[in-house]
Undergrad: 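Sharing a structure, written as structure tokens. Questions coming.
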Amino acid sequence: MKPNVPPQPIRRALVGENAPSVRPGDDPTLYGSATLEPVEAVETRTFQTFRLTYTVGRIGLDDTGAIRISFRSITDAGRAQSTDPGGPNYVSAVTDGEAKITLRCGPEGPRPWAYCVTAQVNGGYLKEGETITLTFGDMSRGSPGMLMQTFAEHSYEFRVATDVQATGNFLPLSEQFVVPVVAGPAHRWAAVMPTLRRPGEPFHLGLKSEDRNGNPTQQAKGRVRLEPSLPVTGLDLEFDYAPGDRSMVFEGLSVAAPGTLRIKVFVDDALVAEAGPLVVEAGDHAGFWGDLHGQTGETIGVNTIESYFDFARNKAFLDVSAHQGNDFQINLPFWARLNELTAEWNEPGRFTVFPGYEWSGNTAVGGDHNVYFATEGRTIARCSHAILEDRSDLMTDANTLTDLYDKLRGEDCVIYAHVGGRYANIFYDHDPKLETAVEMHSAWGTFEWILTDGFPLGRRVGVVCNSDGHKGRPGASYPGASRFGAYGGLTCFLTDRNDRASIMEAQRRRHHYGTTGCRLFMDVTATLPDGSVVFERNPAADPDAARAEARTAIMGDIVRVAGGEVTLAVRIEAHAGIERVELRDGAAPLEVIRTYGEEDLGNRIRVLWAGAEYRGRGRDTLWTGRARFAGASIDRFETVNHWNKEQMLEQRGGESVSFKGVTTGNFMGFDAWLTATDGSVLTVETNRGTLERSLAGIGLDPIVMDAGGLDRRLSVQRLPEARLARSLSFERTLTVKADGDTPIWIAVTTEDGFQAWSSPIYLFR
């Protein structure tokens, strides 16, 4: 199906090193020309057919010469193939000349144009004016067509280059082609608010409808009615939804009195979404949500930097944002443009934007780290100029993490250690003044080890989560059908104001927590003995750090405790039921706190698989299997973290579930509500092993089968049949060790599969 969208331009101007062009001084007519049809917009995940016709130029196309069409490596569109005419993504090639054409489809191109279709001349040559026509998604022999990607993109590119003299050197043509990929029909609604404000303090409400693959869509309309749980100043309770730009944002709202706000959203009288929770209470800080890590088409991702910031503010409804391109791909023109745009988009009090980049050194010399500057105009210190032709600023490089620390000392900036393709090597080096946090979750997966490995080393860092998304959707980053295995994360910064100075201070004091993409309210506060001292900076790195006596500390604080005990108070308000809260001392679990007990359990069985192969690029773990409930029938079935709907996870008949999916340190699975008989047995057979238990033997605590790898496991547990409570508060008295740090933190898991982690409170005596 083609949407009713006007045709778009077929050429795209790219920035700097990424711009395709023939060599200066060359006559473009030498190498030929090309056309592509059609070029009007197409919907995500539809089958399409495109015909690209190349016309040979003045110097001909020699024997073993070729034309090449390259696609961005980040796309999850169907991979072109030339061997199965009846299969998806079949590509054919014909010529009106006398030569034979051979097709190759595969990864032959340089980053980021990895996947290529190469049409090579064999057994002859082609003369000026003769043509080669490639049909992508050729349906003439049974193929359904070429499958488009899951994410919207302003300009899905067909990059055309020629090697007319069979030298192996492909030169881009002057014509380059793009097809807009737009969102499909409305599938779900989302309503978004922040989670913490003071009485009378302004906030915004965002409303959008997404297609099946998580893209905000224009194909949604209706009469909207809002039902807030508290009076909201400035909020229209009824209106028509038909935005021209895929979302609506309601600014300047406020709640006068303390309470917890949730807003139900009805469209044409059907309940479609709920915003919240937003906790309104007096205090020293509010909570501001950010996704500070993602890339665009100027580096390895898609879409433009301008659309990236628009999505972050107006489609994901974020408070804080930043762009983080791989440094070895950021040329000087783009670095200048990025700094211009961060200054333009930065709006103190509403939308904070930081300039920065991803230092992308190999793991052997420190691994991936994110750099965030407080001001524009700073020098980019790259790990290398690996794929940059302009090497005029080579002297600014920082080849190792130690070199990077040396370059950045004295700069107003902070650094995160993160796990992407490369992972940060926290054992290599650490500067506690610069490196304030570790990124525990992103679209690449979940990595608690990047925090827990640091506890024995005496590291005092906070927890952040971001998307590291490459699909142009910061703050709402679905993994799609590519190698990303998780929904992108978010970070909540706890500070008094949403501007650069305040967010920077929150980072330096680790006053933040991260989630796997949900927005829940979290408060973790320690009550301290008289005489305890809270430090503004890490005293191990800065003996002169400002300090003050205090009776309370919040997440991220470093505290010298005057005594052996503290009282920890935790409050969680979530969008969904709270399945568990794990209280931890460093890497050691202290207690699991639930919103239910043994007496509340019912006939809901949860089956989960989780973990990774190892820490590096090949961490993806493929799970295939079947769960069978012998002697029981499935009355109801719901998936958990089934982000890629094309991965199989479905009920088969009345007693079994089949699955095939990928985990990358995170988890996925399902809940089954059962009618069981005496002697009913659950058998979960997977490619990683088999777990079998009588249903009567499955209770409150998960039964876990170790599956090797990196925390790879299969688990089953029993849950209450009803939805779980969305609020949880508790207090505990905790002992502070006599020697070293006692890092106290929590991990929250919600009923629908999201997780959240507080930055530790670092207690010492």
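The first residue in the sequence is number 1, and the count goes up from there. Predicted model, so just to flag it, every value in this text is computed and none were measured.
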Undergrad: Quick check: does any side chain N or O of Asp390 sit under 3.5 Å from a backbone N or O of Ser392, one acting as donor and the other as acceptor?
TA: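 Such a contact is found between Asp390 side chain and Ser392 backbone.
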Undergrad: Ignoring hydrogens and angles, state whether a donor on the side chain of Thr342 or Glu376 is under 3.5 Å from an acceptor on the partner side chain.
TA: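 Result is yes, a qualifying pair exists.
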Undergrad: Is there a donor-acceptor contact under 3.5 Å linking the side chains of Thr352 and Asn498?
TA: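 There is such a pair between these side chains.
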Undergrad: Is the side chain of Ser502 donor-acceptor paired with the backbone N or O of Asp499 at a distance under 3.5 Å, no angle test?
TA: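 Not at all, since once roles are kept as given, no pair shorter than 3.5 Å links the two residues.
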Undergrad: Is it true that a side-chain atom of Tyr308 and a backbone atom of Gly294 form a donor plus acceptor pair closer than 3.5 Å?
TA: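 A pair under 3.5 Å: yes.
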Undergrad: Does a salt bridge link Arg337 with Glu340, judged by any charged N lying under 4.0 Å from a carboxylate O?
TA: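 Looking at Arg337 and Glu340, the cut-off is met.
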Undergrad: Please say which of His418, Glu435, Glu439 ends up in a side-chain hydrogen bond (donor to acceptor under 3.5 Å, both in side chains) with His369.
TA: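 Of all the options given, the one that passes is Glu435.
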Undergrad: So, for Pro479 and Phe484, which heavy atoms are closest and what is the spacing to 0.1 Å?
TA: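 So the two residues come closest at CB-O, 3.4 Å.
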Undergrad: Should the heavy atoms of other residues, nucleotides or ligands under 6.0 Å from NZ of Lys407 be counted, would the total exceed 12?
TA: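 For Lys407, atom NZ is crowded (more than 12 foreign heavy atoms under 6.0 Å).
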Undergrad: Is a side-chain N or O of Thr749 found less than 3.5 angstrom from the main chain of Arg580, in a donor-acceptor match?
TA: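 No; zero donor-acceptor contacts below 3.5 Å.
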Undergrad: Which atom pair, heavy atoms only, marks the closest approach of His293 to Ser467?
TA: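 Minimum heavy-atom separation between His293 and Ser467: O-OG, 3.0 Å.
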Undergrad: Tell me whether Asn339 contacts the main-chain N or O of Gly377 through its side chain, where contact means a donor paired with an acceptor under 3.5 Å.
TA: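 Looks like yes, one N/O pair under 3.5 Å.
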Undergrad: Under 3.5 Å, is there a donor on one side chain and an acceptor on the other for Thr495 and His511?
TA: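 On atom types as modelled, these side chains do not qualify, holding no pair under 3.5 Å.
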Undergrad: Would you name the heavy atoms of Pro194 and Trp289 that are closest together and state the gap between them?
TA: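 Closest approach of Pro194 to Trp289: CA-CD1, 4.1 Å.
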Undergrad: May I ask you to decide whether Glu358 forms a salt bridge with Arg422, counting only side-chain N to carboxylate O separations under 4.0 Å?
TA: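 So Glu358 pairs with Arg422 through a salt bridge.
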Undergrad: Parallel under 30°, tilted from 30 to 60°, perpendicular over 60°: which one fits the rings of Phe351 and Phe309?
TA: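 Rings of Phe351 and Phe309: perpendicular, over 60°.
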Undergrad: Using atom types as modelled and distance alone, determine if a side-chain donor or acceptor of Asn331 lies under 3.5 Å from a backbone N or O of Phe334.
TA: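 Judged by distance alone, yes, a pair lies under 3.5 Å.
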Undergrad: Quick one: is the NZ or CZ of Arg313 closer than 6.0 Å to the six-membered ring centre of Trp345, and within 45° of its axis?
TA: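 No cation-pi geometry.
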Undergrad: Rounded to the nearest 0.5 Å, how far apart are CG of Leu196 and CG of Leu494?
TA: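 Going from the CG atom of Leu196 to the CG atom of Leu494 covers 7.0 Å.
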Undergrad: May I ask you to say whether Arg350 pairs ionically with Glu251, meaning some side-chain N is under 4.0 Å from a carboxylate O?
TA: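 Judged by the 4.0 Å cut-off on N to carboxylate O distance, Arg350 and Glu251 do form a salt bridge.
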Undergrad: Looking only at heavy atoms, what is the nearest atom pair of Ile387 and Phe328, with distance?
TA: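 Shortest heavy-atom contact: CG1-O, 3.2 Å.
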Undergrad: Show the numbers, then the answer: is there a side chain to side chain contact (heavy atoms under 4.5 Å, CB included) between Tyr513 and Trp745?
TA: CA-CA 10 Å; Tyr513 59 93; Trp745 57 303; over 6 Å; no
Undergrad: Distance under 6.0 Å and angle within 45° of the ring axis: does Arg460 meet both against Phe764?
TA: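 Yes, a cation-pi geometry.
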Undergrad: Which heavy atom of Arg382 sits nearest to which heavy atom of Asp393, and what is that distance?
TA: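 So the two residues come closest at NH1-OD2, 2.7 Å.
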Undergrad: Under 4.0 Å between a Lys/Arg side-chain N and an Asp/Glu carboxylate O for Arg378 and Asp412?
TA: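 No, no charged N to carboxylate O under 4.0 Å.
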